[in-house]
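Working notes, structure below.
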Amino acid sequence: MLTREQIAMRVAREMRDGYYVNLGIGIPTLVANYIPKGMQVMLQSENGLLGMGPFPTEEEVDADMINAGKQTVTAITGASIFDSAQSFAMIRGGHVDLTVLGAFEVDVMGNIASWMVPGKLVKGMGGAMDLVAGAENIVVTMTHASKTGESKLLPKCTLPLTGAGCIKKVVTDLAYVEIRDGKFWLIERAPGVSVDEIVKLTAGEMVVPEVVPEMSF
Amino acid sequence: MLTREQIAMRVAREMRDGYYVNLGIGIPTLVANYIPKGMQVMLQSENGLLGMGPFPTEEEVDADMINAGKQTVTAITGASIFDSAQSFAMIRGGHVDLTVLGAFEVDVMGNIASWMVPGKLVKGMGGAMDLVAGAENIVVTMTHASKTGESKLLPKCTLPLTGAGCIKKVVTDLAYVEIRDGKFWLIERAPGVSVDEIVKLTAGEMVVPEVVPEMSF
Amino acid sequence: MAGLDKVVTSYEQALAGLADGMTIIAGGFGLCGIPEGLIAQIKKMGIRDLTVVSNNCGVDGFGLGILLENRQIKKMISSYVGENELFEKQLLSGELEVELTPQGTLAEKIRAGGAGIPAFFTATGYGTPIGEGKEVREFHGRQYILEESVTGDFAIVKGWKADRYGNVIYRHTARNFNPLAATAGKITVVEVEEIVEPGELDIDNVHTPGIYVDRIIQGTFEKRIERRTVRSQEA
Amino acid sequence: MAGLDKVVTSYEQALAGLADGMTIIAGGFGLCGIPEGLIAQIKKMGIRDLTVVSNNCGVDGFGLGILLENRQIKKMISSYVGENELFEKQLLSGELEVELTPQGTLAEKIRAGGAGIPAFFTATGYGTPIGEGKEVREFHGRQYILEESVTGDFAIVKGWKADRYGNVIYRHTARNFNPLAATAGKITVVEVEEIVEPGELDIDNVHTPGIYVDRIIQGTFEKRIERRTVRSQEA
């Protein structure tokens with residue numbers, strides 16, 4: 001089973017030199033720590049910052065410099081700042097090369113649910129609906145199943161959707177899965193996790209190739 | 001009969017302190033010379049300048065500083081420069097207080113034709129269609145009739161329209177006319193011009209009040 | 001305040017005309033770039049039944065949260081309410097009407113409102129509850145939903161510096177929704193850290209041209225930080 | 001050119017991939033803020049059947065006018081053709097297809113194209129020939145027409161300064177359509193007067209963030225003035 005850090009490390013392999021990347025809150029944020037050496041990427045924060053840097057030192061803390069998670073941040077050399085309309089013009093217009101975000105559920109049609117559990121939790125979708133609508137290249141990070149063992153990779157999402165038919169890549173604690181032709185495709189498995197375990201915890205139809213390589217870190 | 005300068009002077013009386021004003025090409029441009037003393041207004045040029053100043057001196061000429069008529073200009077203190085989308089956001093969004101532009105024809109419904117004579121003249125509408133669609137307060141300047149004596153204030157415009165139902169004020173060489181309730185209303189006449197002359201050169205229905213004061217300059 | 005000079009010297013003047021039932025568009029993202037003094041004045045005025053368009057609604061006890069506590073808000077149009085327990089509680093109880101709107105759609109709705117665009121199509125929200133009841137149309141093989149723009153009776157905006165003519169600049173990510181809000185108020189009020197003379201701002205880098213601004217007031221700001229996150233010195 | 005560095009050193013590289021029949025979005029207003037070297041390169045390449053989206057089409061013998069002369073343009077989408085005799089002549093003869101578009105609608109169509117908005121409603125052109133055949137809809141008692149956005153295979157842009165990451169600033173009214181064009185090209189090429197290092201542009205005043213830009217080239221500019229209008233020294 002992958003740790004949160006290993007999930008982030010696996011996602012980081014989807015980076016390419018020169019990419020503009022939007023990382024969501026939670027595990028996706030950790031991806032920034034594993035950008036391959038020698039590779040230049042720019043992190044976009046949808047509150048209006050392109051070129052997000054590390055957290056500030058105590059001395060650098062600036063109330064006017066935060067990220068989309070409302071955390072204090074810094075900007076890297078060559079960064080730029082703009083208003084929210086411009087920020088989502090980038091996102092909606094498909095200019096972000098890679099978007100990484102968490103989810104409650106995904107399904108075989110590439111649907112994603114991540115913003116609401118009716119009657120229980122209403123935090124709002126923030127920028128997630130724009131991000132999944134605007135991006136070509138999205139990686140969802142999530143645990144493969146709930147703590148009680150219920151699969152989050154479903155034939156059909158049960159929660160209100162964030163976006164329809166937009167997800168093609170999922171990295172869970174058990175596997176790297178792709179979604180196409182209305183099916184999950186098992187591409188890689190976590191070290192020490194068997195194909196059977198993964199298939200058992202995947203509620204939606206899953207295609208298993210003859211060889212499913214184990215990830216190595 | 002009013003000269004071009006007197007038409008501009010009459011239009012300038014529609015200015016109010018603190019107005020943002022867009023002046024079209026031709027006679028409207030002259031209006032800038034007659035802004036009442038002590039009154040502060042900002043001129044908007046739709047290529048992206050708010051706070052247009054006078055033409056430059058030879059030494060001040062700057063190829064990067066032009067107005068919507070492609071003339072070299074200067075900017076006043078407190079001016080700002082922006083892109084064309086922002087410029088027309090101002091215009092279309094109704095933020096400009098007064099718009100002055102020329103026309104070929106206007107009619108009793110407040111329609112205006114100013115950009116095309118089919119088969120003869122196709123210069124394009126430039127920003128005129130946006131200006132008349134976005135402004136509440138528009139003054140049209142034009143000669144009352146063509147050189148051959150044909151009225152330009154019509155029951156119905158004959159040329160392709162620039163905007164529909166948007167014109168309420170017209171300053172011609174003969175009169176100041178308002179448009180409402182599907183009629184022209186004669187409000188003021190040029191010095192030495194009789195009501196009869198004006199009515200004769202107005203093809204659309206014109207309401208003539210008992211008293212039509214003569215303009216004085 | 002005469003001619004192009006938009007400076008007012010009291011919060012009463014700044015929000016004169018604000019009345020029960022009005023719609024207010026407020027700049028800010030979380031607690032970053034919020035017009036603190038104008039919000040305090042709305043609380044002081046006791047105006048009720050407000051519709052507030054703002055990405056968030058502050059936190060409990062700060063920002064727009066103080067208007068929630070004071071039961072002055074009837075309806076919020078926001079993308080995220082997760083920082084605010086009272087918001088979530090009033091929402092779930094039905095006391096507060098909330099129109100949850102995707103952040104990019106919200107930004108675009110405000111921009112469109114200021115720009116005279118009454119509606120636009122976006123792919124955001126298609127196939128989700130946000131798209132329900134909205135017109136769907138295909139362009140170039142993809143499905144989009146129709147979203148209408150929003151305008152306010154008032155816009156309340158937090159700027160960094162403004163000149164007397166109402167030209168405003170924002171600092172860093174305190175910009176966020178503020179320049180958009182500034183375009184979309186029938187009356188736009190900007191609270192800034194510093195008022196300067198016309199000509200002091202760079203002509204090519206005015207973020208909000210004065211044409212959008214009706215009143216400018218100088219405020220003092222606490223600038224509370226919602227999530228102070230730091231790294232150790234050596235990192 | 002690796003990673004975020006977008007600088008190219010030849011016009012061949014700058015426009016590599018441009019082919020017959022493509023759509024180009026070009027910044028500039030009249031002759032102000034036009035990518036002179038990129039236009040010259042298009043002429044040199046002899047690419048044909050181009051659709052060009054640009055407010056104007058230069059003048060006879062300069063700017064985009066040289067592509068008209070060379071019969072490389074099949075269709076123009078513009079708001080104003082009055083400065084260009086050849087344009088008017090090719091238009092009236094039917095040799096050139098022209099989609100006359102109101103200037104504000106043109107700006108908004110390009111912005112929308114870059115921003116993932118496929119269509120929007122505007123009052124501009126309602127009741128005129130521009131509105132013919134377009135969907136009309138009433139919002140709040142007023143009539144609007146539906147306009148679709150536009151994007152290009154290439155965008156050619158003229159900036160003042162850019163850093164190596166493609167962050168661009170424009171100077172004065174040479175800005176005009178350039179920042180909009182920059183967002184709407186599948187490949188966006190920016191020709192600038194000066195290339196600087198990342199960090200040299202003010203973070204709060206980048207007009208075009210580098211995410212929109214694919215290639216940067218340093219050019220030399222004649223900056224011809226279309227209507228030199230001066231006042232006497234004493235005025």
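The chains referred to below are lettered A, B, ... by the order of the sequence lines, with proteins before strands, and numbering in each begins at 1.
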Residue selection (most heavy-atom pairs with chain D, distance under 4.5 Å) from [options]:
options                      : value
B:P160, B:S80, B:A85, B:A164 : B:A85
B:A89, B:S87, B:G124         : B:G124
B:N67, B:I66, B:L49          : B:I66
B:N47, B:D130, B:L161        : B:D130
B:G48, B:G165, B:G69         : B:G69
B:A75, B:A79, B:G127, B:G163 : B:G127

Which bit of B:S45 is near chain D, if near means a heavy-atom gap under 4.5 Å: side chain, backbone, both or neither? neither

Given that the side chain runs from C-beta out, which part of B:Q86 has a heavy atom under 4.5 Å from chain D: side chain, backbone, both or neither?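 Answer is neither: B:Q86 stays 4.5 Å or more from chain D.
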
Pairwise side-chain contact, B:T72 with B:M65, heavy-atom cut-off 4.5 Å (strictly under):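 In short, these two side chains do not touch, never coming nearer than 4.5 Å.
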
Taking the side chain as everything from C-beta on, heavy atoms only, tell me whether D:F62 gets closer than 4.5 Å to D:I34.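 When only atoms from C-beta onward are counted, D:I34 and D:F62 do touch, with a gap below 4.5 Å.
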
My understanding is that only residues two or more places apart in sequence, or in another chain, count here; which of them pass salt bridge (charged side-chain N to carboxylate O under 4.0 Å, His left out) with D:E193? D:K158, D:K223

Nearest 0.5 angstrom please: [X] [atom1] to [Y] [atom2], how far?
X      : Y      : atom1 : atom2 : answer
B:T99  : B:I91  : OG1   : CD1   : 7.0 Å
B:T162 : B:F104 : OG1   : CZ    : 8.0 Å
D:C32  : D:R171 : SG    : CZ    : 9.5 Å
D:C57  : D:L67  : SG    : CG    : 7.0 Å
D:I187 : D:D153 : CD1   : CG    : 8.5 Å
D:Q103 : B:M125 : CD    : CE    : 10.5 Å

Heavy atom to heavy atom, less than 4.5 Å: which residues from residues 131-153 of chain B reach chain D? B:A133

Identify whether NZ of Lys or CZ of Arg in B:R4 sits under 6.0 Å from the centre of the six-membered ring of B:Y34 and within 45° of that ring's axis.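 Relative to the ring axis of B:Y34, which defines the angle, B:R4 lies outside at least one limit.
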
Region of [X] in contact with chain B, defined by heavy-atom distances below 4.5 Å:
X      : result
D:I225 : side chain
D:N56  : side chain
D:R175 : side chain

Plane angle bin for D:H207 and D:Y170 - parallel if under 30°, tilted between 30 and 60°, otherwise perpendicular: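 Parallel: the ring planes of D:Y170 and D:H207 meet at under 30°.
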
